[in-house]
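Read through the structure below, which is laid out as C-alpha cells, and then see the notes.
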Amino acid sequence: MADALLSLATDLLKQLGSITVQQAQQEINLIVGVDEEIENLQCKFKMVQAMLNKFEESRLRDDAVKLWYDKLEDAYYMMDDVLDTWKTAKIKLQIQKEEEEEGEKAAHSNAPAPLEKKMKTVWSFFPSPSCCFRQVDNVSVRHEVGHKIKELNETLDNILKGKQEFGIDLNSQPERVERLEITSIVDVSKIVGRNEYRDDPLNKLLGVGSQQENNPLVISLVGIGGIGKSTLAKLAYNHPKVIAHFQKIMWVCVSDPFDQCKVAKAIIQELAPTHESLNNTTTTLQALLCIVRNLIKDKKFFLVLDDVWAKDVPKESQKWEPLKDALTHGAQGSRILVTTRNEEVAHMMGSTKTHIIGNLSVDDCWLIIRKIAFFDENIDQHKDLEPLGRQLADKCHGLPLAAKLIGGYMCNKRRKEQWEKVLKNSLWDLEDVEKGLLGPLLLSYYELSLAEKKCFLFCAIFPKDHEINRFELIIHWMAQGYIDIDSKRNMEMEDMAEEYFQKLAMRSFFQDFEEDKIDGRINSCKMHDIVHDFAQLLTKDVCFTIEGEEEVKIDFKRARQLSLIFRETFPEFVYEAKNLRFLNLDFISSPIVQPKLFDSLTCLRTLHLEGQSNLELPNEVEKLIHLRYLKLSCEEIKELPESICNLYNLQTLDVINCGALEKLPKGIGKLINLRHILLFGKYLPEGIGKLINLRYLALFGVFSDPRIKSFPKGIGRLTCLKTLAYFPVGKGEEICKLGELEHLNHIQGKIQIFGLSNVVDFGAIENTLKKKEDLRDLVLYFNTIEEDEEDEEETEAERRRKDVAILNALEPPPRLESLQIDFYKGTTMCPNWMMSKLTYLKTLLIIECPNLEQLPPLGKLPLLEELKIWSAPKIGKVGDEFLGIDIEEEELSESSKNNNNKDLVIFPNLKSLSFWGLGEWEEWSGMGGTVEEEEEKDNSGNAFVTNNTPKIKIMPLLHSLDLVGCGIKSLPDYLCNIPLKKLWITDFLNLEQLPPLGKLPLLEELLIRNAEMIGKVGDEFLGIDIEEEELSESSKDIIIFPNLKSLSFCGLGKWEEWSGMGGTMEEEEKDNSANAFVTNNTPKIKIMPLLHSLELQWCGNLKSLPDYLRNTPLLQELEICRCPILEQRCERGIGDYWPNISHIPNIRIGYIYVQRDGQLPESIDSEMHDDSDQMHVDAEEAGESSYSFCEICVERKDSDQMFKTESCVHSFCSDCIGKHVATKIQESITVVTCPGLDCKGVIELDACRAVLPKDVLDRWDKALCFRNTDDVVEVDKTEGSNHEKDDGAGFEADEQVEVNIDEGDF
C-alpha cells in the first residue's frame, strides 16, 4: 500500500498539467481492472449453485457424495463473500464520491474572495488527501479480491477434478417430479378420525373417574410426533364443557429442555398475566412455586402440559417433583393433561390414565389427503386417482402430519402419471425420522426450489415451539441472500419472500397460524416438532444452538448459524466460527461486546445481540461489511456508534427493544440499502429522507408515549415506503407537512395520522390519500399530540369549520376497508366522498366528536359490517337520516320498478353496531318510527311494506348491539325483525322501563347494567300483552326470548319487583308445565326455554323473582351478588325461594358457591351435615318424626319417601337416588356408589327395587350377571352427576315452537 501511495504521488507530481485526465484514468482502472475476473466468478457461482441443487438429493443416500457436496457448498459461500466484498467496495466508493461532491458544493456556496478563489483553482490541480486515500483503498480492495479469486479458482478446480473419486456424474439426471404451482393455504384444521379419543379424555376430565383418584388427576396422551396428540389436547382444552367445569384452565408448552422456572412462569402467566413476578428475571424457583400454589389454592383447575420430554427420566423426575407438589394445592377434581412421545414420561408424571394415540386408518389418511389435494373440487371427477391415493395414504403409516404433507404435495396434480411417479419414488425407502415421516417430508422438501429449501432450513435455528414472526422471518431470509430476484416478474424482495413463505405454509412446513384481523395476512406461525427435527437433521453440520456454560466439543469450521446463550464468561470457541453468517448472542452479565468478536466474524449477514446489562456497542462493528440485519435487544444502551453508518449493505435495523436509546446516528443517510427500520419511537434523524430504498418504517411506543410530534422534512422522498403506521402533523417550517404523504403511494396496510388540526393549506392535501391503492386501514386524529399546545388564538367556531374543510379534502382511496375518525370538532360529518367512494368499507369508528349533531347517512355503505359511534354527546336524534333514506311511498314504488321489484336493503351487511356516550340522544326511530309510536303495521321479515309489496329491509344481518351511556327511552320498531344475538344496555340513567326485548327472536345474550330508574320488570319486558281470548285463538305456542342463553342485570338500584305472566314466585303457584303457561290445559306461552346463565348483581332493592324462572329447563348457572334481600330469600335449604332454584346445578350467592355441579361444595359440606342433624332433632322435639332431610334436593320429605341403605350414613330421598342410579346404569356402570362427597358406600340392587323402573332394574341385573369377575370394576365417584337437574316440580320440556307475535306490539 505504501508503494502504491508513493507511486501515485510521484505520478501526480510529474503530470500536474494533465492531472484531471490521469485521475479519471486511475478511477476507471481501479474498477475495470477486475471486471473480467468478477464476471468469470459470477458465472462459476451460478454453475456451482446449479450443481448443489442437482446433487442435494444424493447426499442423503451416499456418504461419499455428501463429503464432496460439503466441500462444494463451502466453496459456494466463499465465492458469495468475495462477490459481496467487491460489490461493497463499489458502494463505498460511490458514497465517498457523493460526500466529496456535497462538500465541494458547500464550499463554493460560501462565495470566496478573488484571491481565495484563485488559490482554490491552483490547488484543484492536486487531488485532495481523501481522494488519494480513497484510490489507495480501492487498490487494496482490488488486490484482496484478485488474490481471493485466484485461491477460489484453485479450490474449485480441485473439487471438480475429485468428483470421479466420489463417484459423481455431472451428466446424471436426478429423479424429479413436476413443480407445484402456488395456491392459497389450505385449511387443514378439521380433525379426521379419532372418534374413540374425542370423548374419552373429556369424560375423564369431567369426573368419570375412580374413587381413589389423586389430586390433581394426571392423564397422558402418548404417541409419536405428528400423530395428533396436541390436536386432541386442544380439542379438550377448548371444549365448552371443560371451560364450564373448571375455574382455571392453563396451557403450557414444556418442550425440550425442561426448565423449571420457565414452566412455573408460564403457569403464572396463564393464571395472572400481569403478575409482578413475570418481570423479575432473578425470581427463584421456590418463590415462583409459592406464587403458583397461592394462585391455584382451592380452585379446580385444568392444566395442559404439552410436549413433555425426558432424555434422562430419573434425573428429570427429580426436577418435576417440586412443581408437582405445588400443583396439589388445587381443589379436588383438578386435572393435568400431558402430551408426550415417551410412555416413560407419562409414568414419570404420575399418570393415572394413559391414552396411547394410535395411527389413523388408511381411510382417514386418504380423507386428509383428498381434502387438501382436491380442496374445492368434486372428487368424483378424479375417480381414477382414488386407488393411487389410497396407496399413498397407506404409505403415511397412519400419521396425520404425513397425510397433510402428502396432500399438500399432490395439490394441483391431476394426471395419473404424476401420482404413479410419486408412488414409485425411492424416497420412501428413507425412514430415518419418526418412522415413515422422512419420506413425505423429503417429497415436499425436494419439490422446493434451492432458494425455498434454504429458507426452510434456516428455521432450524429457532427453538422448538417457537412462535415465528412472519415479517421477521422474511427479513432474515433476505439478509442471508436466499431470495432470488426474478427480473421478468418485477417483484420486490419482500414480495418474493412472501411467496416463499406461502408455499412453505401450504406444504404444512408451518402450522398454528395467527392472522391479522384487518387484511387476513399471517402474522406468526410455528413448526411442528417433527418438521423441526427434519430441518435440524439436514443442517446438523452447520446450525447449532448452545445454552449454558458447559464445555462444547463441536467443530465450528463449517458452522454458518449459531444461537448462543451464556451468562458469565464469553466462550472463546465462538471466534473459531469464522464462516458464521447468522449469530444470535444472548449474554447476561457483560456490559460491553468485545471488539474481537467483530474482527473474527466478518462473514456475518445477521447479528442479534441481546443483553440486559449491555451499555455500549464498539466502533469495530463497522468491520461486518456483509451485515444485512442488525437487531439489538439491549434495554440500557443509549446511543449507537457512528461507525454503524459504514455498514453499507445493511437492510434492516431493529432497535425496538432498546428503550433507553436516545438517538440514531447522524450519518444514517449513508445506509442507502436500508429497507426496514424498527424503532422505539422518540425522534427521527434529519437524514431519514436520504434512505430512498426504505420500505418499512415501524415506530413502536408512539401511541402510548407520543414523543415523535413531527417528522423531519424529506419523508416525501421515501417513495418506496410501503409501511408507515404513524404520521404526525406538526407545527413549524422545518418539519414534514401532510402534503409529503402525497408521493408515498405504495403505502399499504394501515396508517394513523395525528394532529390534523395543525393543517393550514387545505388545497395542498387533496391528493394526499386517494392514490394509495393498497391502503386498507385509515385512522384520522384531529387532535394534536398534546391538546394543550393548540393555537390559543383559534376560536372554537374556526376550529369547527377547519375540521370540516380538512375532512372534505382528505378523500381516502377507493378500496379502504376500515376508517376511524377521532376528535373531530365539526357539527356535521358528510364529506362528498363518504357515500360515493367507500364502497369497500367494512369497519367505521366515529369517536370523540363533541360537536357532532347529526350522523351521516351510513346506511348506504354496502359492505359495512361494524359500526361504532362513541362519545358524540350532542346527537339528539337518530332516524331516517342515519339509515340514508328519505323516500316517499311514490318514490318507493318507482324505485321498485327500476330495480325489477327488488327490495331496498339498508345496512345490508352490518353485523355489529355500538353506541357509547350519546347522553343527549333521546329518540331512535326510522321508517316505522319507535315502538311506542306505531303498533299497527304488518311488518314481515324485516321488510317495510306498501300495498303488500316488500320495499325496504333494515340491518338484516345485525347480530350484536351495544348501547352504553345513551339517553334514549325506546328502540326503533325494525329491531324486532333483525337476527340480533347480543344486546348490551348499559348506563341508561333515564330509562324507566325496559323495551319489549322478548320479541327479539334470535337474542342469545342480554346485559342490562346501571339503569337506576327502573323499578319493575314485568310483561312489558317480555313483550306480551295478550288476553286469554287471544291465546285461545292462537294455534301455535308463543315463545318469549326463544333463544336467550345468557341474561345479566347489574346496578339496577331502584328495581324492586321482577314478575311476568304468572307473577312472582310467591304470588302464584300455577300448574306450569315445563316453562309453559297454560289455558284450558293447552300450552300457549313459553319463556326463556334455552336460558343457561342468569346473573343478578348490585340490585339492592330487588325482592322477587318471576315464576317462570323455576321452569327454565336448561338453566345451569345462577349468580346473585350484592342483592341482600334476594340473597336471604335464596339461602340454601332455608330460604323461601330455595326450593324453586335448587334444581340449578351451579348457584353462587354473595360471591360464594353454595352449589357446584349440583352438589354441596366441600367448604360448606360439613356445615350442611350439621344442619341436617339439627333438623332431625328439631323434628323429633316438635313431634314431626315422620319427616327427613334429603341432601340432594335439600327438601324435607316424609320418612316413607326416603331411601334407606346400611352402607353409609347419608340421607337421600327415593326420587333423587332413583335418578342417580338410573343415570349410572345408562352409562354402563354396574357398581354404583353413594352420591355423597367422598363417600365410598355402595348402593345395592336389592335396595333399589322399589325406586327404579323395571327396564332399568332388568338392565342392571343383566349387566351384573354377565360381568366377568376378572374385569376391572369401574367405581363412580359422582363428581358431576345429573340427578340434580330435576327442577323439583316434575316439569318436562315441551317441543319449542318459533315465536309468532304481531310486530306492531314491539
Worksheet, complete the sentence: Taken in chain and number order and not counting sequence neighbours, the residues that satisfy side chain to side chain donor-acceptor pair (under 3.5 Å) with E472 are K631
Discussion item. Under a 4.0 Å threshold between the charged nitrogen and the carboxylate oxygen, would R293 count as salt-bridged to D325?
Written reply: no
Worksheet item: For D306 and S230, does a side-chain donor sit closer than 3.5 Å to a side-chain acceptor?
Response: yes
Worksheet entry | side-chain contact (heavy atoms from CB on, under 4.5 Å) partners of A326, counting only residues at least two apart | L289
Discussion item. Can you list everything that forms a side chain to side chain donor-acceptor pair (under 3.5 Å) with Q260? Sequence neighbours excluded, please.
Written reply: none
Worksheet, complete the sentence: Sorted by chain and number, sequence neighbours left out, salt bridge (charged side-chain N to carboxylate O under 4.0 Å, His left out) with K982 holds for D962
Discussion item. Restricting to salt bridge (charged side-chain N to carboxylate O under 4.0 Å, His left out), what partner residues turn up for E498, sequence neighbours left out?
Written reply: R470, R521
Practice prompt. Using salt bridge (charged side-chain N to carboxylate O under 4.0 Å, His left out) as the criterion, list what pairs up with D394, not counting sequence neighbours.
Written response: none
Worksheet, complete the sentence: By ring-ring contact (aromatic ring centres under 6.0 Å, His included), F1041 pairs with (sequence neighbours left out) F1021
Fill in: Exercise: do E1004 and N1043 side chains pair donor with acceptor under 3.5 Å
no
Worksheet item: Below 4.0 angstrom, N of the basic side chain to O of the carboxylate: do K526 and D465 qualify?
Response: yes
Fill in: Exercise: do E1117 and S1093 side chains pair donor with acceptor under 3.5 Å
no
Discussion item. My understanding is that only residues two or more places apart in sequence, or in another chain, count here; which of them pass ring-ring contact (aromatic ring centres under 6.0 Å, His included) with F509?
Written reply: F456
Worksheet item: Under 4.0 Å between a Lys/Arg side-chain N and an Asp/Glu carboxylate O for D1157 and K300?
Response: yes
Discussion item. I'd like to check the salt bridge (charged side-chain N to carboxylate O under 4.0 Å, His left out) partners of D298; sequence neighbours left out, ordered by chain and number.
Written reply: none
Worksheet entry | Counterpart residues, side-chain contact (heavy atoms from CB on, under 4.5 Å), relative to A393 (two or more places apart) | V362, C365, W366, I369
Worksheet, complete the sentence: Hits for side-chain contact (heavy atoms from CB on, under 4.5 Å) against T545, two or more places apart or cross-chain, chain-then-number order -> I461, S563
Worksheet item: With a 4.5 Å limit on heavy-atom distance, are the side chains of K842 and E866 in contact?
Response: no
Practice prompt. Heavy atoms only: give me the nearest V304-A233 pair and the separation to one decimal.
Written response: CG1-CB, 4.2 Å
Worksheet entry | W419: partners by ring-ring contact (aromatic ring centres under 6.0 Å, His included), with sequence neighbours left out | F374
Worksheet item: Does A346 offer a backbone N or O that forms a donor-acceptor pair with the side chain of T340 under 3.5 Å?
Response: no
Discussion item. Between N238 and K234 (side chain of the first, backbone of the second, donor and acceptor by atom type, cut-off under 3.5 Å), is there such a pair?
Written reply: yes
